[in-house]
Every structure is written in structure tokens, then in C-alpha cells.
Amino acid sequence: MEERERWDKRIEFILAAIGAAVGLGNIWRFPYMVYQNGGGAFLIPYFVALFTAGIPLMILEYTLGTRMQGGAPQAFAKISKKFEWVGWLSIVLVFFIATYYTVIMAWSFDYLWFSIKLKWGHDTANFFYKDFLQLSGSPSVLGSIRWPVIIGLVLAWLAIFLCIFKGPKATGKVVYFTVLTPIVLLIIMVIRGLTLPNAIEGIKYYLTPNFKKLLEPRVWLAAYGQVFFSLSLAMGTLIAYSSYLPKDSDTNNNAFITSLADAGIAFFAGFAVFSVLGYLAMAMNTEVPKVVSSGFGLAFITYPTAINHLPAAPLFGVFFFLLLLTLAIDSAFSEIEGIAAGFMDKWKIKRVPLLLAIIIPAFLIGLIYTTKGGFYWIDVVDYFVCTFGLTLVGFLETVIVGYYYGADKMREYSNSTSDFAIGRWWNICIKYITPIILVISFFSSIYSILKKPYGDYPLWVTIVGFGIFIFSIIIAFVLQAIKGKEE
Ligand code: PHE
């Protein structure tokens, strides 16, 4: 039997895991979530979610990976052959995530280039939607492909391939660069941000708690969703990464280190974003809430506007988009590594041909998002995959480990190999708190799409979105059913 591929050092695993966790989710999703869901008060549900679901589930995934020495499908198959599909489901879902995650990277590549000459001009919203994406106005009109986006997409996939084609030993060296660079850039951005006039107004918006929001269940669900996305949970990634560690590796401490680093960086990134928004509000003679925009708008519209107002604007622009790219790259390759692990384990396929067999179809599917109607599809696929898919996988993980495998058995194992032991609180999180919250979250999302189709799109878009979710489950069962290659 061939030796399993390995990380060289523990620190390289930790960096890679931090790199997987810290991504685009930290710089645009987290600050916006905080702002939208009660400012500083959101930190309460966020940290509750981190400790009751994020860290416990991460311990679970690390332990599964190290104990079973396999990617997600094999880890579940070793618990029972009938659960292998759960691992495949996470892999199919993360494949869909990778198809659009790389498109956001593609935009970042393009914007990096645009920064040099501040090509977005004064009307940054108009530039983003009309000149750059040339939005078609509806998800049903795809229109032609946008070449600048494709060029960025090729670069993104090329970078991903180069980072992982040699296996974890080499990836372990790449992550020193891809994890530390964005941290340095972020520190520069925060210092620059906080020294701008009126920065403090932005920070006030970021952190002033609105406790009334804590009464809304939606806010709590958003916090759990954010923790899942940001920590890359339920995607098979962390199971694969930890399966490249020796069997007796620490899991508890590693999980705390990764999660707290991710949360810390997200919190820190908020200062970079909101200080600049404070400044922008002043420069545009308006109030902070007026300049805050959601999701992509923050990175590709609001930030470019702010950059326009800054001294040494092009340099600041280059820094910001380099920050996005270096944040995203190690998350993106972790997605692919998690997928590859599943296939390498089951069919003993060689790494390089396998990576190409994953990357080429992912690139081709990604072409849909590079069309004029693609923007809408990113939104739709992201929503359905994350809201339904990840919630389902997370739920199944907790139930299979908590009840079928046995929470105590897993905890004893992780305690026996870890730097420090975790108490019975872990069982309670895995058996009760996390699955219950995930069930509530799942059904409240079902209820909301039944009440009104997703977004402002026609009904059929919701049907396609939900169809992708169902399709992923079917593929997962098919992959489970196909016979693997014996050793
Ligand atoms: N956690 C990453 C982020 O915050 C996203 C990600 C999703 C990474 C899926 C790996 C797998 O951006």
C-alpha cells in the first residue's frame, strides 16, 4: 500500500487550515454581517456560535480525519459504509463553491490590474455593473462571455494548480506565504484606515451594539451560517487536511488555534473596512449607512470609491486587491484538495491527472458566471449550496458521530491524542445544540423560499437552485455506489 501523503510539520498543517478558513468570508462577509445584524451586539451570537458549533465541529472533523486517515468519504465509510455518501455530498457541494469562488478571484485579478490606472473612474457602481460585468438584467439572459473575467479565471485556476500539484509537503511551504502575506497587508490596511479622518465614525457603526437585534432569530441563524462558511466546516476540506497528519496528532488545540485565528482575523478585518467607510462617508458628505453596501458591492464598488479619495490611490488599490487574492487563494486550493483526497483515496488516481480532471470541469462550469448574466448565478448557487447543502452535511455529521459512532468514543480518542482534554460540554454541543440549530436553520430557509422565491428572481431560478442541491445528493449516492479500487 502506498504511504499516505503527509504534512512536513504541525505548523504547516495549522497554517494551511488557517489559510483555508481565512478567506473572502472574512473581509467582505463578516464586517457586513456584523453591521447588518446589530453591530457590536452581533459579536455575542457570533462567539456563541463559534463555541457551541464552530469549535466543536472543527474538533469533530479534525478527529475524523486523523483517526480515519482518509478524506471525507473514506472517513465516513470507516464509520459505516452506508454513510460514505455524506462525505461525497460535502465534496460535491464544495465543488460548486469552487466554481464561483474562483470567479470572485478572477474579478480580483482584473481589479488588481484596474487599480494601477484607477480604471473604474468616479462612478464605480456603474463601472462594476455596466462596464465590467455588463449585467444582462436577468439570470435567464446569459449573453456573451466577458473576456477579462475569463482571463482572470484562467489565472486563478493556474495559481490553484501550482499550489497543490505536488501534494501537502509542498503546499505546506506555500502557505507560509499565502497566510502571512494577507496578514501583513491587513495590518497595513488597518493602520492606514484608522489614521484617516473620520475613521472613528465608521468604527462606531461597526461596533455600537444594538441589543434589540439579539431578539431576532434571523440574527442568530446568520451567526451560525457565518461561522460555518468562515471556518470551512462541512465541506470535507478540514477532514482531508487533517488526514495528512499522523494518527496520533493533536486535534483539540489545533481546532482552537484555527478557529480563534479565523475569528480574530475577521474581527480585525472589520477595522480595515469600517475605518475606510467612515472616511468615505465624510468625503462624500453623507452618513456611514449610506456608503455601506452588501456583499460584492463592498469590495468592488465601495472600496474602489474610497480608494479614489485616498492619497497614493493606485498603491492602496493594489494592496487591497492583493489582499483579496492572497486571502482567497489558500481557501480555493483547500476546496480542491478536499475534493481530490476523496478520489485519490477511493480510486487511487494519481494527483496531477486527477487535479486536471477536477479543475477543467470546474473551469468550464465557471464559464457560466463569466457571462453577462453570471453574476446572478453566483448569488443563486452560493445561497442554495451554503444554506441547504452545508447545513444538511453539518447536521448529518453531528448526528452520525454524536449518536451512531458515539460522542464519548470520539471525545476520548481526541483527548487521548491532544495537548489538552475537552469536557462533556463537547458532547452536548455535538448531540444537541448544533444539530438542533441546524434543523431550525434548514427548515426556516425552506419556509422562506416557499413563502417567496429566492431573491427577486423568478420562481424557476429557485427551482434550479434547489435542483442543484438535490442533484448533489444524488451524485453523492452514485459515487458511494461505484466500486473503489482495492489496495
Ligand atoms: N472559509 C472560506 C472563506 O471564509 C471559504 C471556503 C469555503 C473555504 C469552502 C474552503 C471551503 O472565505
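First listed ligand is number 1; within each ligand, the first listed atom is number 1. Because only heavy atoms are used, hydrogens play no part in the values below, and waters and symmetry mates are left out as well, while side chains stay in.
- Considering F229, F333, F228, F30 only, the shortest heavy-atom separation from atom 1 (N) of ligand 1 involves F229.
- Near A20, with a cut-off below 4.0 Å to any heavy atom, the atoms of ligand 1 are 1 (N), 2 (C), 8 (C).
- Annotation: F127 is in aromatic contact with F114 [ring centroid separation under 6.0 Å].
- The N/O atoms of S230, backbone and side chain alike, include one that comes under 3.5 Å of an N/O atom in ligand 1.
- Aromatic ring centres of Y111 and W120 lie closer together than 6.0 Å.
- The single protein non-hydrogen atom nearest to atom 6 (C) of ligand 1 is E335 OE2, 3.6 Å, given as residue, atom name and distance.
- A salt bridge is defined here as a Lys NZ or Arg NE, NH1 or NH2 lying under 4.0 Å from an Asp or Glu carboxylate O, and R351 with E337 meets this definition.
- Of all the atoms in ligand 1, the ones that sit under 4.0 Å from a non-hydrogen atom of N26 are 4 (O).
- For ligand 1, the atoms sitting less than 4.0 Å from at least one non-hydrogen atom of S334 are 10 (C), numbered in the order shown with element in parentheses.
- Aromatic pair F466/F388: ring centres closer than 6.0 Å.
- Contacts between A21 and ligand 1, counted as non-hydrogen atom pairs separated by less than 4.0 Å, involve the backbone only.
- Below 3.5 Å of separation, one finds no N or O of V22 facing any N or O of ligand 1.
- Counting only distance, with no hydrogens or angles, the side chain of S275 and the backbone of G202 share no donor-acceptor pair below 3.5 Å.
- Aromatic rings from Y205 and F274 are positioned such that their centres are separated by 6.0 Å or more.
- Ion pair D419/R10 flagged as a salt bridge, since at least one NZ, NE, NH1 or NH2 atom sits closer than 4.0 Å to an Asp/Glu carboxylate oxygen.
- Checked against a 3.5 angstrom limit, the closest N/O atoms of Y101 and ligand 1 fall inside it.
- In this structure, Y241 has its ring center at least 6.0 angstrom away from the ring center of F13.
- Atoms of ligand 1 lying under 4.0 Å from any heavy atom of M235, numbered from 1 in the order shown and given with element: 7 (C), 9 (C), 11 (C).
- At the shortest separation from atom 8 (C) of ligand 1 among protein heavy atoms lies S232 OG, 3.2 Å.
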